[in-house]
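Working notes, beginning with the structure itself.
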Amino acid sequence: MSHRSRRRLFLVAAAGVAVLLVHGLAGLPGVGHFHGRYGLLLARVAVPERQATDIVNSITYDYRGVDTMGEEFILFASAIGLVIVLRRMRGERQDDDRDRDDPSESATGRVRQTSAALRLLGLALVGPVLVLGIYFASQGQLTPGGGFQGGVILAAALILVYVAGRYGAMTRLRPIPVVELAEGLGAAGYAAIGVGGLIAGARFLLNFITQGSMGNLLSGGTIALLSAVVGLEVAGAFTLVFAEFMDQRRLTRRPR
Amino acid sequence: MSFLAYAVAAWLLLIGLYGVVSSRNLVHLILCLSVVQASTYVLLLAIGYRAGAKAPVFADIPLSAPVVDPVVQSLTLTDVVVEATVTALLLALSLQAYKRFGTVDPDEIVSLTG
Amino acid sequence: MIPTVFPALPVAVPFLAAGLLGATQSLRRRRLAEAIALGTAIAATALCAIDLVLAIRHGDAVAWFGGWQPRHGVAIGISFTIDPLGAGLAMFVGLLTIAALVFSWRHFESVGHVFPALLLVFMAAMMGFSLSGDIFNLFVFFELMSIAGIALTCHRPDEGAPLQGALNFAITNAIGGFLVLIGIALLYGRTGALNLAQIGAMLNGHRADGLVLVSFGLIVSGFFVKAAVVPFHFWLADAYASAPTPVCILFAGVMSELGLYAVARIYWVVYAGALGPHQGTLRTILLTAGAVTALLGATMCFLQRHIKRMLAFATISYVGLFLVGIALLNSGGLAGTAIYVVADGLVKASLFICVGIIQHRRSRVDERHLHGLGRNLPFTGLVFFVGALALAALPPFGSFLGKSTIENAALARGYWWVPVLFTVAEIITAGAVIRAGGRVFLGWGPREASGPPGEGRADEETSQETEGRSDRTPAVLWLPAAILLLAGLAVGVVPGVERVAQAAAARFVDRQGYIAAVLHARPPAALPPVLVSGPSLADYLSAGGSAIGALLLGLGALVLPRRSHGSASVISHRAGAAASWIRGLHSGHPGDYVAWVTAGTAIVAGAFALTLQ
């Protein structure tokens with residue numbers, strides 16, 4: 001279809017969908033007046049039962065833990081799919097003999113240095129970002145945060161190294177087999193903990209560790225454990241994703 | 001005024017879909033797809049909002065305080081992760097499309113028709 | 001009481017294995033990885049079989065994850081609600097995954113551990129989808145199915161066709177997912193619940209207002225994208241043409257059918273109470289969608305020369321027929337659809353394996369380029385022809401049993417045109433497959449040059465996907481094809497199949513029993529005994545007729561000369577113009593596909609909102 005006819009078809013259809021959406025959304029209670037029993041019930045009982053003060057993460061890792069397992073494997077499958085897509089095309093080779101420490105070369109081979117300020121700031125921030133990531137991943141049961149958020153921050157530390165221009169250091173810091181190991185173990189670990197609940201109490205994903213006391217770091221039972229495992233997997237998956245994209249930049253192509 | 005949030009969600013959905021339909025660049029198309037994603041986040045969070053309530057973290061508020069609905073926040077978290085992965089995979093595909101065809105225009109990269 | 005150990009394991013064990021396979025990628029033990037994957041798939045299938053038997057004997061099993069039983073009728077955890085139909089579907093998923101893993105054993109150019117790991121994740125997602133009782137959980141498994149499917153489709157990313165297939169698959173299915181999610185959000189805003197039984201209980205008895213109808217329309221539209229109902233279907237042919245053969249087995253056999261399963265499940269549990277008085281109108285809408293899909297799919301199937309795309313459009317046509325079975329909104333139609341889905345899935349898997357064998361030996365999949373090249377593949381040709389006749393619902397294949405059950409249920413309601421529709425669609429699709437078989441394996445028909453450029457490129461893009469010598473067909477390739485075809489025959493021959501299907505369907509539509517089992521842990525009440533009528537003489541005659549018709553059409557298209565003068569040429573000229581216009585719509589451009597999805601959503605949801613008030 002030509003651009004015009006496609007657009008015309010869409011505009012007519014979108015008008016219909018707009019009317020339907022307004023019709024449907026009109027049936028919702030006004031913003032701010034929601035009284036769903038599910039949420040109200042959980043807000044009341046989650047803290048006494050699980051001693052975890054962050055209700056959202058209690059729901060994510062305990063009450064609705066199976067959803068999170070599915071979500072974790074979505075990330076796992078997507079990272080693997082991305083690796084398949086971006087693997088080296090036939091006829092490309094990795095340029096190992098170029099200057100490893102400086103990826104900012106143009107096609108003609110001129111080398112541009114990253115500014116000293118950028119290098120300094122990038123490298124200086126790596127440590128604090130790593131600590132921040134670990135902090136987020138481990139405090140999920142107490143404050144907003146948790147495995148997903150912490151894992152992404154950990155992976156972002158790698159980008160800082162790349163931005164600072166230390167490409168060679170970056171490739172050394174993220175050996176692919178170790179990253180894949182982390183990702184796979186994180187994914188399998190979630191299922192394993194679930195099976196542990198099965199063994200301990202005949203219920204998958206049963207929270208079978210002692211709950212601890214509210215406000216403590218060791219509270220929430222398996223919530224903290226699952227959050228850590230998810231953090232491992234997310235950090236591994238996103239590191240893999242970033243690494244693959246960055247490697248693409250270095251692959252050159254033999255003329256066809 | 002209380003329906004503004006829902007209206008924003010509906011608008012984002014439609015404008016994002018328009019972007020996807022009329023796009024001439026795959027990367028632009030994928031970003032319009034993330035606009036459509038954003039509409040679902042806005043809708044979910046707006047549904048769960050309670051006027052005058054606090055965030056559902058009881059670290060520093062009494063246990064009897066009213067909080068917004070925590071379930072939709074968990075759903076939105078799941079949603080964000082799911083759709084970030086879709087975006088990553090689509091970007092990888094468009095990168096390979098560029099390497100294969102030299103362009104990211106959807107009109108040019110079509111090889112299967114009929 | 002069913003031990004609660006079993007429901008979770010079919011999903012948990014493959015996940016565990018897939019994660020471990022992914023973790024150990026760098027060890028590069030491909031044989032070991034494939035063996036582990038095969039063992040896991042067999043174990044998961046066995047677990048689903050146990051679930052199925054227990055569900056038939058003891059009633060719906062409800063497993064609450066994490067031990068979160070409902071409190072005061074409010075469900076707070078996620079449940080897997082295992083009824084016979086869901087468990088049976090999950091077991092079928094496992095069987096097809098085993099076939100796919102056997103096909104790719106040792107002979108498939110895979111990426112080490114990742115291909116078996118992705119197949120396991122795909123299988124676990126589909127099993128979870130069949131067993132789940134929570135609507136957001138359904139959405140999560142739906143997305144997991146999509147992502148794993150996309151990752152499996154782009155197996156050869158350096159070629160053009162797989163890229164297009166994967167891109168269109170990803171973009172349209174993502175939008176389908178968003179539509180489902182908006183529908184879920186609307187339902188949550190009204191009922192505050194995510195468990196299917198709970199939402200159904202809360203909507204029960206109230207009038208269906210705008211929100212309920214629009215949410216139904218959006219959810220149905222989203223799942224229709226996955227199921228490839230017209231006009232949401234455009235992505236499917238591109239994806240099938242690009243995906244490697246073991247993945248096509250799973251796509252064609254069960255992935256699209258799961259979209260229809262979700263529509264049926266959500267309708268019966270959530271909306272049937274509120275929409276009860278409007279059943280007739282809803283039936284009409286869904287029957288129309290099914291009929292249009294069946295006819296358009298059949299037409300496009302006949303116009304194809306790329307064999308995988310031909311089978312893809314055949315799948316779309318059969319999805320239309322399945323939708324007709326479900327659209328009857330009674331247990332007879334559901335039972336027939338269940339039998340038909342299983343039998344047809346087995347036969348289509350067998351046909352796809354035959355195409356895979358052809359690709360292995362000849363490196364091509366275009367019917368014209370393969371002209372006569374299949375002459376020394378007698379076994380493959382035999383399986384291919386018998387499979388095509390099974391598609392035409394030749395008795396005693398299982399597809400005949402399923403088709404006749406649906407037709408009897410339709411006639412009981414007065415829909416006389418349903419058998420006609422089935423016969424027409426089967427004749428056209430089976431005829432197209434027979435024509436392809438005749439050209440490839442017998443060398444009949446004129447040698448045709450390639451068609452328009454868009455068609456030819458697809459074949460050049462399809463290169464070798466298997467390793468090993470291409471002068472012999474190894475046992476792991478032809479053995480699954482034969483076994484699957486025989487299994488499709490067995491479904492129709494083994495006694496008691498119809499009775500089990502009717503009983504399972506009766507349980508499926510028993511909404512009150514489902515809600516009571518989930519929310520109040522009440523054992524199911526006794527259901528009235530099922531009516532098993534079996535195919536009648538008229539059914540045998542019509543099935544024989546469609547088989548003969550398919551043979552005539554397929555072989556006739558090869559041997560009859562093209563007439564180029566007289567009134568026949570005017571008609572064929574008009575038909576040719578119409579055909580090119582329809583083919584032109586399938587342009588491969590993602591923007592087109594998304595525009596059609598939007599249009600389809602407006603039509604479906606608009607029809608619901610306007611007529612079901």
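The chains referred to below are lettered A, B, ... by the order of the sequence lines, with proteins before strands, and numbering in each begins at 1.
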- prompt: For Gln73(B), which of Val56(A), Ile59(A), Thr60(A) qualifies under side chain to side chain contact (heavy atoms under 4.5 Å, CB included)?
  reply: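 Of Val56(A), Ile59(A), Thr60(A), side chain to side chain contact (heavy atoms under 4.5 Å, CB included) with Gln73(B) is met by Val56(A) alone.
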field: Minimum heavy-atom distance Glu71(A)-Leu77(B), with the two atoms named
entry: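 Answer, listing the atom of Glu71(A) first, then Leu77(B): OE2-O, 3.7 Å.
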field: Shortest non-hydrogen contact between His3(A) and Asp107(B), atoms and distance
entry: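 Between these two residues, the closest heavy atoms are NE2-OD2, 2.9 Å.
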Engaged part of Leu14(B) at the chain A interface, taking heavy atoms whose separation is under 4.5 Å: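 Leu14(B) touches chain A through backbone and side-chain heavy atoms alike.
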message: Taking every non-hydrogen pair under 4.5 Å, which of Leu17(B), Val68(B), Leu91(B), Asp79(B) racks up the most with chain A?
response: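 Winner by heavy-atom pair count: Leu17(B).
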message: Between Leu75(B), Thr78(B), Asp69(B), who has the most heavy-atom pairs with chain A when the cutoff is under 4.5 Å?
response: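 Of Leu75(B), Thr78(B), Asp69(B), Thr78(B) has the most heavy-atom pairs under 4.5 Å with chain A.
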Which portion of [X] sits near chain B, non-hydrogen atoms under 4.5 angstrom:
X: His33(A); answer: backbone
X: Tyr63(A); answer: neither
X: Leu40(A); answer: both
X: Leu21(A); answer: side chain
X: Leu42(A); answer: side chain
X: Gln149(A); answer: side chain

Beyond-backbone contact of [X] with [Y], side-chain heavy atoms, under 4.5 angstrom:
X: Tyr6(B); Y: Val31(A); result: yes
X: Arg7(A); Y: Val21(B); result: no
X: Val86(B); Y: Ser78(A); result: no
X: Phe148(A); Y: Val80(B); result: no

task: Given side-chain contact (heavy atoms from CB on, under 4.5 Å), test Val57(B) with Ile55(A) step by step and report yes or no.
output: CA-CA 6 Å; Val57(B) 179; Ile55(A) 312 287; over 6 Å; no
message: Nearest 0.5 angstrom please: Thr85(B) OG1 to Phe73(A) CZ, how far?
response: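 With rounding to 0.5 Å, OG1 (Thr85(B)) is 14.0 Å from CZ (Phe73(A)).
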- request: Look at Asp54(A), Val234(A), Val152(A), Leu28(A) and state which one has the largest set of heavy-atom pairs under 4.5 Å with chain B.
  value: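 The candidate making the most pairs under 4.5 Å is Leu28(A).
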message: Applying side-chain contact (heavy atoms from CB on, under 4.5 Å) to Leu25(A) and Leu43(B), what does each step give before you reach the verdict?
response: CA-CA 10 Å; Leu25(A) 290 170; Leu43(B) 182 62; 3.7 Å; yes
